[in-house]
Amino acid sequence: MAQLWCADQHARGLRVGLVPTMGALHEGHVSLVKRAAAETDRVCVSLFVNPLQFGEAQDFERYPRDFTADCDLLAEAGAHMAFTGSLDQFFPDRPGQVSEWEPSDFEDPGPFAEGLEGAFRPGHFEGVATIVRRLFEVCLPERAYFGAKDYQQTLVVRDLARRMGYPEVVVCPTLREASGLARSSRNELLNPEERSAGLFLSRALYAARGLWMLGERDPMAFEALMGSVLGQSPLEVEYATVRDPKAWTPGRPIPPLRQAVALIAARAGSVRLIDNMELDAGEGPAGAASRSLPGESDR
Ligand code: PAF
C-alpha cells in the first residue's frame, strides 16, 4: 500500500520525503515532518516498532505505542501519508519470528556501527540498517529525515544511503525540553525522580561544550568532566565520551581533537537515555546537533 502510494506520487513527478519512526511521536518527530514538508512534495511517515533492533524483549514490549494519537499529530504537522506493518509484511521472505532470523538475514550496518551504541547494544544497528533499507526500498524517497539525537544512527544511515545510491539523508537538530532534556519517546517511561536524573545528561554535555570553548582538546579531559557531572546523579552511566565526527573511531580518538561530538548513554532506573552534542557547533558551518543552551528554544 505504501509502495503503491509512493510510486503514484513519483509517477506524478512529485518528490517523496520519508520520515522513519517507531511511533510514540513527540515534538522532535513533528519537526522532522515539518522540515520534510518544506523540502519535498509529499511526506510519508512510517510508524513501526522494529523488533529487529531491540536486544531486550522487555524493552521492545514496553516501548510506548499510540497509533491514533500519532496519526492526529501527523495530520496536524502536514504529513500526507502514514503507514505501519508487521515484521512478515515488511519481510515476507524471512522468518516471522526474529529469533529465527539468521545473521545473513540482516543488513551489514557498516563501520559506523562499531563502538558505543554498537558495543552496548549488540545487533541494534544490524536491526536498524535492515528496516531502514527496506523502508527506502518500499518508498524510494528522494530524501529521508532523521533526528540528531541518535547520532551514531545518523552515521550508519548516511553510509547505508551512500551504498544504496539514495536517498539524501537529512539530519535535523535535537529538540530539548526547557530543562535541557532531549525529547525522546522513552521520556514517557520516566518517573519524576528518573526524569530529574535524566537532566544530568544535557548538563554534562553543556559542561563539555564549555570546556571546548575554553580551548581543551584532549578527549580524556572531556570524559573526566562529564564523568564528574554525571557522578552527582543516580544515573548508571554506560559511556560518556567524545568522538571526532569526521573520522569515526570505535574507541577514544587521539588528541588533539580538531572537531568533536560528545556522546552519553545512561540508565535512569530501567529507562536507557542517550544524548549528544557537537562541541564545535557554531564555530564552523552547519553543526548538526542542537546549539542553544537549556531554556533557550532550539525549535
Ligand atoms: O530512530 C528510530 O526511531 C528508529 O531507529 C528507526 C530509524 C525508525 C528505525 O526503526
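Whatever order the structure lists them in is the order used to number ligands and atoms, beginning at 1.
- Heavy-atom proximity to M22, at under 4.0 Å, picks out these atoms of ligand 1: 3 (O), 4 (C), 8 (C), 10 (O).
- In this structure, the protein non-hydrogen atom closest to atom 1 (O) of ligand 1 is Q153 NE2, 2.8 Å.
- Atom numbering of ligand 1 starts at 1 in the shown order; those under 4.0 Å from a heavy atom of I131 are 9 (C), 10 (O).
- Backbone and side-chain nitrogen or oxygen atoms of T21 are examined, and none is located within less than 3.5 angstrom of a nitrogen or oxygen of ligand 1.
- Remark: R163 fails to qualify as a cation-pi partner of F112 under the 6.0 Å distance and 45° angle criteria applied to the six-membered ring.
- No side-chain heavy atom of V19 sits under 4.5 Å from any side-chain heavy atom of L74.
- Evaluation of the salt bridge (Lys or Arg N to Asp or Glu O under 4.0 Å) rule for E168 yields R143 as partners, not counting sequence neighbours.
- Under the 4.5 Å side-chain criterion, counting only non-hydrogen atoms from C-beta, L257 is in contact with V242.
- Among all protein heavy atoms, the one lying closest to atom 9 (C) of ligand 1 is Q53 OE1, 3.3 Å.
- Annotation: cation-pi geometry satisfied between R203 and F200 (NZ/CZ under 6.0 angstrom from ring centroid, within 45° of ring axis).
- Neither the backbone nor the side chain of V157 comes within contact range of ligand 1; no heavy atom lies under 4.0 Å.
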